[in-house]
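What follows is a set of notes on a single structure, which appears directly below.
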Amino acid sequence: MSDVTTAEFNEEGKYLRKVRSFVLREGRLTKGQATAIEQQWPSMGLDYSSEPLDLVKVFGREADTVLEIGFGMGASLVEMAKASPELNFIGIEVHKPGVGSCLSIAAEAGVTNLRVFHHDAVEVLENSIFLGTLARVQLFFPDPWHKARHHKRRIVQPDFVQTIRNALQIGGVFHLATDWENYSEHMLEVLNEASGYKNQSITGDVIARPAHRPLTKFEARGHRLGHGVWDIMFERTV
């Protein structure tokens, strides 16, 4: 498995610090997670490279590809992959226990149409994905960085949504979901101002949860407590 980030330096050899949307809080791997990584990484793991992936070679077929950023422990991603065997799925997660958990669940479910990166999603999208090749990019419940002074760390920023657009096919969709209303407003503001996108909401704001996004246990509990969840889908037009 490659490192989560790639170090960059300026012409004087000074390390360039980047504002990132995540903080690595590496928990201890369980025995099951460690075993899953050891056993399943050779077939399901993708080592980061600055060269774009040949998706046909990776999956052994031509099919629409869905990429999810930050899949957590992987349960919902595996559920989606199992429910849609006609699609290819790529998951990206920086937290190693989550990668191990996802691989374990996928192996138990017999899923074969899923591949996983353990790396910074921004670097993967900028360097490892051919332009115009993804049918859908999913970003579900990213860290809201709710304090105003931390808003610069939110992953949904103008440059980021253009990186997503470049990776999508024409007609491909960027699907976001959050349980922070303020973050949903921020997402809509950024995407409404971005060129080359069209909101799929007929009301110009959010949509109902589509059938392809599973209802997580966390989300179901939130619904019972009266908490909201906002789904947003923008289509690449040019």
Side-chain angles (χ1 to χ4, degrees), residues 5 16-23 65-72 76-77 80 90-95 119-127 129 131-216 218-219 222-223 225-238:
T5 60
L16 297 176
R17 296 181 62 86
K18 291 185 177 181
V19 176
R20 300 192 186 275
S21 63
F22 59 88
V23 175
T65 300
V66 177
L67 182 145
E68 180 164 332
I69 300 167
F71 56 73
S76 64
L77 177 58
M80 282 184 281
I90 295 175
I92 306 176
E93 179 56 60
V94 296
H95 299 290
H119 202 77
D120 178 1
V122 174
E123 292 186 13
V124 170
L125 286 160
E126 288 178 344
N127 301 311
I129 303 296
L131 301 181
T133 56
L134 300 178
R136 187 166 74 237
V137 174
Q138 303 178 162
L139 178 66
F140 299 153
F141 308 104
D143 192 327
W145 293 103
H146 57 280
K147 294 181 180 179
R149 69 176 183 272
H150 291 153
H151 284 186
K152 64 184 178 181
R153 302 196 68 163
R154 288 177 167 177
I155 192 170
V156 180
Q157 304 291 350
D159 288 346
F160 175 75
V161 300
Q162 289 303 327
T163 297
I164 298 292
R165 185 178 72 88
N166 290 336
L168 287 168
Q169 305 165 357
I170 302 297
V173 172
F174 184 22
H175 180 188
L176 310 89
T178 180
D179 56 348
W180 282 78
E181 186 173 15
N182 173 265
Y183 200 2
S184 73
E185 294 167 350
H186 169 85
M187 291 171 171
L188 282 169
E189 181 180 352
V190 171
L191 282 158
N192 280 328
E193 293 179 358
S195 62
Y197 277 110
K198 176 185 177 181
N199 194 342
Q200 289 197 326
S201 166
I202 60 174
T203 56
D205 45 23
V206 300
I207 62 169
R209 178 179 61 87
H212 67 255
R213 184 175 73 76
L215 185 68
T216 66
F218 169 80
E219 186 178 352
H223 283 316
L225 295 173
H227 299 170
V229 171
W230 293 266
D231 279 81
I232 297 168
M233 293 181 73
F234 274 70
E235 175 184 338
R236 179 182 178 179
T237 57
V238 293

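Keep in mind that the numbers below use all heavy atoms, side chains included, and drop hydrogens, waters and symmetry copies.
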Roughly how far, to the nearest 0.5 Å, is the [atom2] atom of [Y] from the [atom1] atom of [X]?
X    : Y    : atom1 : atom2 : value
I90  : Q138 : CD1   : CD    : 11.5 Å
H186 : L176 : NE2   : CG    : 10.0 Å
L191 : F174 : CG    : CZ    : 6.0 Å
R136 : Q169 : CZ    : CD    : 11.5 Å
I164 : R236 : CD1   : CZ    : 11.5 Å
F71  : H95  : CZ    : NE2   : 10.5 Å

Problem - Criterion side chain to side chain contact (heavy atoms under 4.5 Å, CB included) on L139 and H175, from CA distance to verdict - result: CA-CA 6 Å; L139 178 66; H175 180 188; over 6 Å; no
For residues [X] and [Y], determine if any side-chain heavy atom of one lies less than 4.5 Å from a side-chain heavy atom of the other.
X    : Y    : answer
I232 : M187 : yes
V173 : L168 : no
P214 : E219 : no
E68  : M80  : yes
I129 : L134 : yes
Q200 : F234 : no
V229 : F141 : yes

Minimal non-hydrogen separation, [X] against [Y], with atom names:
X    : Y    : result
L67  : I69  : CD2-CG1, 3.7 Å
D143 : Y183 : O-CE2, 3.5 Å
Y197 : A194 : CD1-CB, 3.8 Å
L77  : G91  : CD2-CA, 3.7 Å
R209 : L215 : NH1-N, 3.8 Å
P144 : R154 : O-NE, 2.6 Å

Exercise for the section: Consider only side-chain N and O atoms of N199 and S201, and report whether a donor and an acceptor are under 3.5 Å apart. Expected result: no
Handout entry: Evaluation steps, side chain to side chain contact (heavy atoms under 4.5 Å, CB included), between L188 and E185
Key = CA-CA 5 Å; L188 282 169; E185 294 167 350; 5.8 Å; no
Practice task
Return yes when atom CG of L225 has more than 12 non-hydrogen atoms of other residues, nucleotides or ligands closer than 6.0 Å, and no otherwise.
Solution key: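 Yes, enclosed.
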Exercise for the section: Please step through side chain to side chain contact (heavy atoms under 4.5 Å, CB included) for the pair S76 and R213, ending with a clear verdict. Expected result: CA-CA 8 Å; S76 64; R213 184 175 73 76; over 6 Å; no
Handout entry: Salt-bridge criterion met for E235 and R165 (N-O under 4.0 Å)
Key =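 No.
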